[in-house]
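Any value given below was found using the heavy atoms of this structure, including those in side chains, with hydrogens, waters and symmetry copies removed. Letters A, B, ... are given to chains in the order of the sequence lines, protein chains preceding strands, and every chain is numbered from 1.
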Amino acid sequence: MANEAKKSTTPLLDDLEKGKWPSFVREIKKMADKNPRAKDLLGQLEMSYRDKVTHWKHGGLVGVRGYGGGVIGRYSDSPDKFPNVAHFHTIRVNQPSGWFYTSKALREICDIWEQHGSGLTNMHGSTGDMVLLGTSTDNLEPIFSKLTSKGWDLGGSGSVLRTPSCCLGKARCEFACYDTLALTNDLTHEFQDVLHRPQFPYKWKFKMAGCPNDCVASVARADMSIIGRWKDDVRVDQDAVREYAKSGVNVQTEICDLCPTQCMSWDGRELKIENTWCNKCMHCINAMPKALRPGKDTGATILIGAKAPILQGAELSSVLVPFMKIEPPYKELKDLVEKIWDFWGEYGKNRERIGELIQRVGMGQFLEAIELPPSPQMIKNPRENPFIFYEEYFEEEGSGEGSK
Amino acid sequence: MANEAKKSTTPLLDDLEKGKWPSFVREIKKMADKNPRAKDLLGQLEMSYRDKVTHWKHGGLVGVRGYGGGVIGRYSDSPDKFPNVAHFHTIRVNQPSGWFYTSKALREICDIWEQHGSGLTNMHGSTGDMVLLGTSTDNLEPIFSKLTSKGWDLGGSGSVLRTPSCCLGKARCEFACYDTLALTNDLTHEFQDVLHRPQFPYKWKFKMAGCPNDCVASVARADMSIIGRWKDDVRVDQDAVREYAKSGVNVQTEICDLCPTQCMSWDGRELKIENTWCNKCMHCINAMPKALRPGKDTGATILIGAKAPILQGAELSSVLVPFMKIEPPYKELKDLVEKIWDFWGEYGKNRERIGELIQRVGMGQFLEAIELPPSPQMIKNPRENPFIFYEEYFEEEGSGEGSK
Amino acid sequence: MESVQAEQRRTDIGPPNYENFLHPVIKKNYGTWKYHEILKPGVLVHVSETGEKIYTVRMGSPRLINIETIRMICDLADKYSDGYLRFTSRHNVEFLMTDQSKIDPLISEIESKGYPVGGTGKSITNIVHTQGWVHCHTPATDASGIVKSVMDELYDYFRTMKLPAKLRIALACCLNMCGAVHCSDIAILGVHRRPPKILSNLNKLCEVPTTVASCPTGAIAPAVVDGVQTVEVNEEKCMFCGNCYTMCPAMPLANSLNDGVSIWVGGKVSNARHAPMFSKLAIPYIPNNPPRWPEVVDAVKNIVEIYAKNAKKYERLGEWIERIGWSRFFDMTGIEFTKYHIDDYRFAATTYNTSTHFTL
Amino acid sequence: MESVQAEQRRTDIGPPNYENFLHPVIKKNYGTWKYHEILKPGVLVHVSETGEKIYTVRMGSPRLINIETIRMICDLADKYSDGYLRFTSRHNVEFLMTDQSKIDPLISEIESKGYPVGGTGKSITNIVHTQGWVHCHTPATDASGIVKSVMDELYDYFRTMKLPAKLRIALACCLNMCGAVHCSDIAILGVHRRPPKILSNLNKLCEVPTTVASCPTGAIAPAVVDGVQTVEVNEEKCMFCGNCYTMCPAMPLANSLNDGVSIWVGGKVSNARHAPMFSKLAIPYIPNNPPRWPEVVDAVKNIVEIYAKNAKKYERLGEWIERIGWSRFFDMTGIEFTKYHIDDYRFAATTYNTSTHFTL
Ligand code: SRM
Ligand code: SRM
Ligand code: SRM
Ligand code: SRM
Ligand code: SF4
Ligand code: SF4
Ligand code: SF4
Ligand code: SF4
Ligand code: SF4
Ligand code: SF4
Ligand code: SF4
Ligand code: SF4
């Protein structure tokens with residue numbers, strides 16, 4: 001080993017083969033033995049580790065015919081040294097809802113990628129796509145046609161609808177308040193055109209979470225976050241609560257005291273919930289899943305506008321529709337989405353996310369445009385400043401209403 | 001009565017003589033009988049009540065010789081109808097600290113005002129001054145010299161140090177953690193020049209509160225808010241706590257449960273306070289003043305920047321010096337104030353309050369300029385956005401530190 | 001006549017020293033007070049480490065008082081409190097006395113003159129307010145008239161201590177907010193709603209560049225009308241702050257048809273339990289309806305009563321709302337929630353609800 | 001060869017339907033799950049209303065994996081979970097199985113290949129991260145290398161559930177923040193600290209007006225150098241966001257001497273108990289020190305350990321800090337508080353402490 005390290009051309013990266021956590025360096029090295037792209041990636045990466053800067057140049061526009069996204073162009077700044085990564089584009093393959101696979105399906109992808117790319121992947125990208133990490137321009141069309149022949153399509157990049165993603169929902173979670181997988185699949189198919197062809201001012205992300213635990217981080221990472229919730233009472237199995245208590249759960253301090261609305265009480269025998277106050281935070285249910293369950297009158301809260309910090313500072317999504325039933329064919333939701341996209345298309349500046357646009361025009365203005373009623377659930381608190389854009393006033397003569 | 005009302009020239013205002021709360025209309029009317037200014041004020045006010053607009057014109061610059069403030073110029077827009085309020089300037093008389101008076105002193109003011117003004121006053125203006133409500137320009141100098149001969153001086157108006165004010169502190173409150181009256185009196189005298197002669201970009205207000213109850217609303221209304229606090233432990237008289245408990249106070253729910261830091265516990269016999277967590281909110285002390293008292297190692301928190309909403313939205317003062325001893329001759333405090341005024345004088349735009357300036361240049365920048373160390377007590381939380389103005393960087397060559 | 005005095009002209013003497021005005025018992029026990037009790041509404045006793053006591057009787061005042069009233073107060077002070085008295089930070093009068101037996105006679109005499117005693121503890125004390133039509137040039141409403149009308153209705157809350165906690169009301173007649181309106185349990189705020197009219201003599205009264213610069217939203221632009229330099233206002237962009245009028249008298253906003261008041265709730269100043277908070281918009285607009293503004297009085301009373309009935313002991317209005325949530329506040333008070341309630345100014349984004357925490 | 005396929009060229013078919021990939025037991029019990037239990041770290045059982053059960057074994061992954069590894073995973077799925085598997089929203093692999101007795105053998109086999117099982121419950125699960133020097137053109141640091149180094153050190157927290165609550169770490173290599181870095185318990189964020197250099201061919205690669213407009217602080221101005229249209233940067237105004245470089249390749253910020261990482265703490269995404277929160281700045285800058293970034297690893301570990309020791313059960317890192325206060329957090333962790341911690345961007349004023357609530 002010590003001997004080998006001495007000869008190594010990648011002494012810095014070699015260090016990252018050590019340690020208990022599985023090593024990405026080992027992943028690259030294993031491919032490097034058979035795949036020249038992977039080999040040159042390793043070499044260039046070692047150079048970055050030495051120089052402490054990236055050696056990738058600004059991406060160029062590359063893609064497959066008729067699509068405006070799905071491929072991230074990437075070029076080495078040292079193609080002389082690393083000719084096999086002179087081009088090193090990634091391909092975003094739209095994952096199935098909830099990242100469920102069969103081994104058969106995955107093997108098919110591997111075979112295509114073995115033939116046409118670096119053999120390296122990200123499972124998955126943080127938007128949700130399968131990311132095939134690095135190939136050259138001439139391989140793009142072949143890969144695309146092979147993928148589609150096996151039933152796969154590209155995900156989004158650029159000013160398009162980005163690949164929607166979701167938590168696993170009803171497939172394996174008892175908390176899911178609507179069918180996140182079905183909705184994700186439906187929206188993805190419904191909006192194929194805007195996913196593949198840039199028609200928006202900037203990117204748009206959908207993320208669907210089955211309940212307020214938000215296991216897909218939708219509130220932080222999606223222009224529209226669809227988070228399941230219920231309207232009726234938390235379902236309580238008192239026997240099971242007592243079981244938990246018996247097995248060591250301190251129902252008072254671990255459950256009641258941590259309820260953010262302080263709407264629970266426990267007398268040692270019965271757990272009482274003042275459901276009108278419950279804000280559906282999930283804590284009590286999370287802590288005692290055998291005893292408590294969300295109600296049966298379920299749907300979702302629609303939130304809007306999350307994004308990363310460039311340029312106005314990061315945003316979390318905020319409440320747009322406090323409660324909506326989420327059932328096929330999802331007409332209410334789709335109508336809403338279309339209205340918002342129309343407004344964004346008309347008023348959004350280039351590279352302006354919907355959340356930024358709403359801040360710029362004002363939430364009230366936005367609601368009016370998309371014909372949604374304002375509701376106190378949308379806000380933490382009403383305005384604190386008195387700078388109100390009242391819209392009507394009476395004309396001097398008292399003859400009628402003016403308006404701005 | 002009904003008969004009288006019919007003949008009245010002020011039917012709208014007359015209605016405000018009714019009801020249980022003492023009536024300002026009656027106050028004006030009583031003077032109107034003997035004082036023509038008061039009479040015309042009543043007339044013009046009735047006109048406003050009818051027209052639903054003010055009948056005062058934009059104020060002009062009037063004052064006493066050598067002073068740049070202390071008088072608010074005011075002119076009627078209907079001097080033909082109400083000649084006695086053609087001019088109707090108010091005079092701001094600097095109140096004594098804590099608004100303490102003797103009947104003798106007040107009578108002297110009344111006598112002067114009877115002779116030279118409307119006989120109407122505000123006891124007091126909301127900055128703190130005695131407000132003598134309405135006289136004409138030619139009376140200003142006489143009033144001024146009579147006031148000064150009795151030991152009174154004018155308060156502030158315009159871009160000056162405004163009349164400082166304070167809660168009654170150690171004079172009658174057991175919670176006072178420093179001597180608000182002494183400090184207020186000292187600062188007011190020390191800074192007479194900037195109080196009377198505009199030398200600032202805009203107004204500057206000091207308010208001193210003896211403890212975090214802030215009975216003079218300093219955190220909301222002063223460019224510098226000086227709020228008493230202590231460093232050591234809350235003083236507890238356990239017998240007195242038990243007395244409260246016996247007399248019906250539920251120490252658990254009314255005291256411990258409402259403590260914002262949850263640092264108290266009560267076993268029915270003894271009240272325990274984890275003083276390292278106590279944030280000096282005052283609640284427990286307020287609720288059981290016979291049993292609990294602030295500690296003995298006292299001083300104040302200095303906060304900066306409160307103002308009304310024009311134009312950037314209202315601000316509350318925020319922590320500048322977490323703890324400072326407040327003892328004559330108040331050198332540390334005065335040095336700080338001078339440094340801040342220097343900075344404000346140099347960088348403040350016209351009509352820019354210190355709070356606005358700090359927002360514009362950034363708190364970090366401001367702290368550096370006035371040579372105060374940053375401390376986590378100054379903030380609710382550290383920054384959430386990554387847009388950091390790092391100030392040094394290394395030059396390309398690695399030859400040394402650069403700086404912006 | 002004046003010239004004689006001018007020779008002796010004294011300046012910058014500052015206010016008289018407060019020590020001259022302190023009751024001897026206060027002077028003696030200065031800084032040694034040990035505890036206090038509220039003996040009954042409007043009556044406090046402070047007890048010193050030495051055992052000495054000072055009693056306080058608090059009398060309500062309309063703030064706008066004439067010199068006869070002040071003299072009457074002085075008479076009372078002479079009779080009951082050795083000539084010593086003070087005013088509070090909320091404009092009430094306090095008599096400071098040593099003889100407990102004089103308290104009730106003093107109260108009777110105050111009340112017989114038409115003034116109330118109270119304002120201590122869990123009460124509604126005096127309304128901090130401003131000039132309004134009595135003395136200012138920018139008001140969108142009157143101050144004293146609304147204060148009188150509201151206090152007539154809430155009179156009982158001044159004289160008792162039956163609220164869950166202190167409830168502080170303030171009024172300002174325009175957005176300049178002369179007072180702590182922005183941090184009051186309930187605030188009544190005068191609002192304009194018509195953009196400024198531009199008077200034809202603007203060029204004589206104002207500098208165009210300063211006027212243009214005065215507008216925070218950039219609604220004002222230079223213009224030439226009939227060959228004269230003036231300005232024009234983009235009405236879409238105006239939110240009626242009135243700053244242009246402060247800078248330029250030729251741009252009045254006041255208007256009988258459109259001016260009125262807005263109601264704000266949930267602010268506080270003290271650090272007791274909860275940190276200080278700004279007041280938040282409850283009702284965007286109620287037309288001016290002098291002399292008694294009945295709609296304003298009803299609105300305030302409604303909020304006070306629902307709060308009084310539902311809040312827990314010690315819970316200030318804002319603390320109560322924070323506990324129950326704003327949707328519930330609007331429900332319970334029956335106040336309509338409108339787009340105007342949603343902030344759209346500088347920090348708007350920080351007021352959006354970025355969670356699923358709410359009740360339906 | 002390709003032309004043949006081009007004839008059959010299919011587009012816009014979208015992803016395959018997830019139903020094709022669901023284990024039969026999942027399909028059968030879809031939407032009828034009743035409860036779950038964590039049997040041990042990395043192993044869940046979900047029980048249906050029907051009584052049927054599905055077991056999940058969660059395997060840690062470096063995310064950047066090669067096709068051999070994927071095939072190895074497929075082999076495991078074939079052997080243990082009827083060929084069914086999934087990936088999680090944090091890049092772990094989950095085997096979905098019906099035969100409880102196969103769990104331990106699967107775990108042994110996974111571990112024997114050098115992959116851990118865990119990441120459930122009160123653990124530190126996989127670090128969500130980005131491309132770094134592996135594939136991106138704007139990074140200020142690498143992604144995978146830091147992730148590997150940190151996880152080597154925190155390995156034990158992945159395989160146990162001994163923390164007070166979940167602790168989520170994320171890394172992004174530049175301010176674009178590809179991932180939920182802005183809402184993570186601990187976030188590692190690559191930062192540039194040198195203003196962009198302006199390359200001499202700027203006029204060929206970029207439009208000057210777009211480039212000027214790209215800067216949020218207005219630091220970029222048009223300029224002419226040697227007769228050529230270009231831009232100049234006012235370094236005072238630059239806060240290194242990199243947006244100019246995103247818009248114009250001729251303005252690189254990356255720099256070996258100045259790039260590095262910052263550490264952020266206290267964010268969360270779930271609505272459990274506390275509403276979602278942004279992460280806040282803990283450490284403004286640590287230089288890049290590949291291959292193992294020891295200072296970064298130490299900083300993260302320090303925070304994790306102090307949190308682990310002091311927080312209450314269920315308390316996420318941000319909830320804990322909120323309870324104890326930021327001054328205490330800086331005290332306890334020994335992290336220096338600097339002026340950089342005080343916000344000076346758009347909402348800065350909303351982060352100032354406008355109360356006397358704090359401990360010294
Ligand atoms: C591959 C991926 C990171 C990863 O390693 O997982 C990624 C990579 C890039 N992102 Fe991203 N983003 C990726 C998910 C995200 C996310 C997370 C998410 O979608 O949940 C965010 C934050 C959420 C959001 O959308 O705000 C994100 C926010 C950005 C931004 C900032 C956008 C903004 O409005 O603030 C940029 C900059 C831009 O758009 O110009 C950006 C730009 C980029 C670019 C295209 C670089 C650029 O400036 O052109 C990166 C290409 C890297 C490369 O060479 O492959 N990426 N990017 C993720 C997409 C993989 C996938 O399709 O699954
Ligand atoms: C008399 C008084 C109201 C009262 O009835 O008590 C008052 C009256 C005026 N204030 Fe005020 N302010 C008065 C206390 C306040 C306070 C409260 C305080 O000092 O505690 C504030 C809020 C705190 C603050 O300073 O921000 C206040 C914030 C303003 C503002 C907004 C300043 C800002 O920076 O936002 C203006 C507008 C301006 O300065 O141009 C203003 C302007 C005015 C003017 C001078 C009108 C003007 O635009 O020129 C008013 C003259 C009315 C008149 O005709 O008498 N007044 N003003 C108060 C002074 C009496 C005294 O000396 O005791
Ligand atoms: C006299 C006065 C100070 C002065 O220098 O003039 C004063 C005097 C006292 N205040 Fe105050 N406060 C006075 C204005 C204030 C203000 C300012 C304001 O309202 O504009 C506040 C901040 C209000 C706010 O938060 O919005 C104020 C918040 C308090 C509090 C905190 C109450 C709370 O729970 O938030 C206490 C503690 C208490 O009452 O238990 C307090 C307690 C007290 C005590 C008990 C202090 C003491 O031990 O003597 C005094 C008698 C209170 C009473 O009325 O029951 N004082 N007090 C002011 C009387 C105004 C009036 O006429 O009604
Ligand atoms: C598999 C996965 C969803 C998926 O579609 O892939 C998932 C699955 C479950 N989550 Fe989650 N969560 C998953 C990502 C998340 C995320 C997103 C993230 O981390 O980026 C969050 C938000 C994290 C945050 O707030 O920053 C998340 C916040 C929760 C919570 C709330 C915990 C809290 O107290 O804040 C629960 C409830 C609990 O654990 O008690 C939860 C509970 C669960 C349960 C118990 C739900 C159930 O009944 O099956 C699942 C097993 C949890 C476990 O690992 O112990 N899940 N969960 C994700 C696994 C990621 C991983 O590989 O580690
Ligand atoms: S978000 Fe809710 S429904 Fe979806 S996986 Fe997480 S806990 Fe289950
Ligand atoms: S879901 Fe949350 S708010 Fe509702 S009862 Fe449970 S802990 Fe309380
Ligand atoms: S602020 Fe404190 S010290 Fe001053 S009067 Fe109020 S309670 Fe007393
Ligand atoms: S002063 Fe406030 S924080 Fe301190 S112990 Fe009393 S109630 Fe708690
Ligand atoms: S609030 Fe406005 S109208 Fe009222 S006194 Fe102050 S400046 Fe004048
Ligand atoms: S009132 Fe305010 S917003 Fe309207 S024009 Fe004048 S300065 Fe501008
Ligand atoms: S965070 Fe920045 S550097 Fe990292 S992948 Fe995203 S865009 Fe590239
Ligand atoms: S890095 Fe950001 S702040 Fe600096 S010049 Fe570029 S765009 Fe402007």
>> Please classify the contact of D:Ile321 with chain B as side chain, backbone, both or neither, using a heavy-atom distance under 4.5 Å.
In response: neither
> Of the backbone (N, CA, C, O) and the side chain (C-beta and beyond), which part of D:Val265 lies under 4.5 Å from a heavy atom of chain B, both, or neither?
Replying inline: neither
> For atom OH of D:Tyr285, is the number of surrounding heavy atoms from other residues, nucleotides or ligands below 6.0 Å larger than 12?
Replying inline: yes
> Is it true that the side chains of B:Gln262 and B:Glu274 contain a donor and an acceptor less than 3.5 Å apart?
Replying inline: no
>> Side chains of B:Arg162 and B:Trp204, heavy atoms from C-beta outward: is any pair under 4.5 Å?
In response: no
>> With chain D as the partner, which of B:Met363, B:Gln365, B:Arg360 has the greatest number of non-hydrogen pairs under 4.5 Å?
In response: B:Met363
>> Quiz question: by atom type and distance under 3.5 Å, do the side chains of D:Trp293 and D:Asn288 form a donor-acceptor pair?
In response: yes
>> Can you tell me which portion of D:Trp326 sits under 4.5 Å from chain B's heavy atoms? Options are side chain, backbone, both or neither.
In response: both
> How are the rings of D:His341 and D:Phe337 set relative to one another: parallel (under 30°), tilted (30 to 60°) or perpendicular (over 60°)?
Replying inline: parallel
>> Sort by residue number and list every residue of residues 207-217 of chain B having at least one heavy atom under 4.5 Å from chain D.
In response: B:Pro212
> Is chain D contacted by the side chain of B:Val219, its backbone, both, or neither, given a heavy-atom distance below 4.5 Å?
Replying inline: side chain
> Is there a side-chain contact between B:Lys205 and B:Thr127 (heavy atoms, below 4.5 Å)?
Replying inline: yes
>> Would you say D:His182 and B:Glu384 are linked by a side-chain donor-acceptor pair, where the criterion is simply a distance under 3.5 Å?
In response: no
> Can a donor-acceptor pair be found between the side chains of D:Thr359 and D:Arg328 at a distance below 3.5 Å?
Replying inline: yes
> Do D:Ser214 and D:Asn243 have a side chain donor and acceptor closer than 3.5 Å?
Replying inline: no
> Considering only heavy atoms, which portion of D:Leu189 lies under 4.5 Å from any heavy atom of chain B: side chain, backbone, both, or neither?
Replying inline: side chain
>> Given heavy-atom pairs under 4.5 angstrom as the criterion, report whether the side chain, backbone, both or neither of D:Pro216 touches chain B.
In response: neither
> Which atoms of D:Met277 come close to chain B, meaning under 4.5 Å heavy atom to heavy atom: side chain ones, backbone ones, both, or neither?
Replying inline: neither
>> If I measure from the heavy atoms of chain B, does D:Thr351 come under 4.5 Å with its side chain, its backbone, both, or neither?
In response: both
> Just checking, any donor-acceptor pair under 3.5 angstrom between side chains of B:Ser375 and B:Gln377?
Replying inline: yes
> If you tally heavy-atom pairs under 4.5 Å against chain D, which of B:Ser317, B:Pro376, B:Gly355, B:Pro260 wins?
Replying inline: B:Pro376
> Are more than 12 heavy atoms from other residues, nucleotides or ligands located less than 6.0 Å from atom CD of B:Glu332?
Replying inline: no
> Among D:Glu319, D:Glu315, D:Glu322, which one satisfies salt bridge (charged side-chain N to carboxylate O under 4.0 Å, His left out) with D:Arg273?
Replying inline: D:Glu319
>> I need the contact set between residues 299-308 of chain B and chain D: heavy-atom distance under 4.5 Å, sorted by residue number.
In response: B:Thr301, B:Leu303
> disulfide (SG to SG under 2.5 Å) with D:Cys248: which residues, sequence neighbours excluded?
Replying inline: D:Cys206
>> Tell me which pairs pass salt bridge (Lys or Arg N to Asp or Glu O under 4.0 Å) where either residue lies in residues 294-304 of chain B, with sequence neighbours left out.
In response: B:Asp297-B:Lys325
> Which one, B:Ile358, B:Thr261, B:Ile379, leads in non-hydrogen pairs under 4.5 Å with chain D?
Replying inline: B:Ile379
> Is there a donor-acceptor contact under 3.5 Å linking the side chains of B:Tyr393 and D:Glu235?
Replying inline: yes
>> Using heavy-atom distances under 4.5 Å, tell me whether B:Glu368 contacts chain D through its side chain, its backbone, both, or neither.
In response: side chain
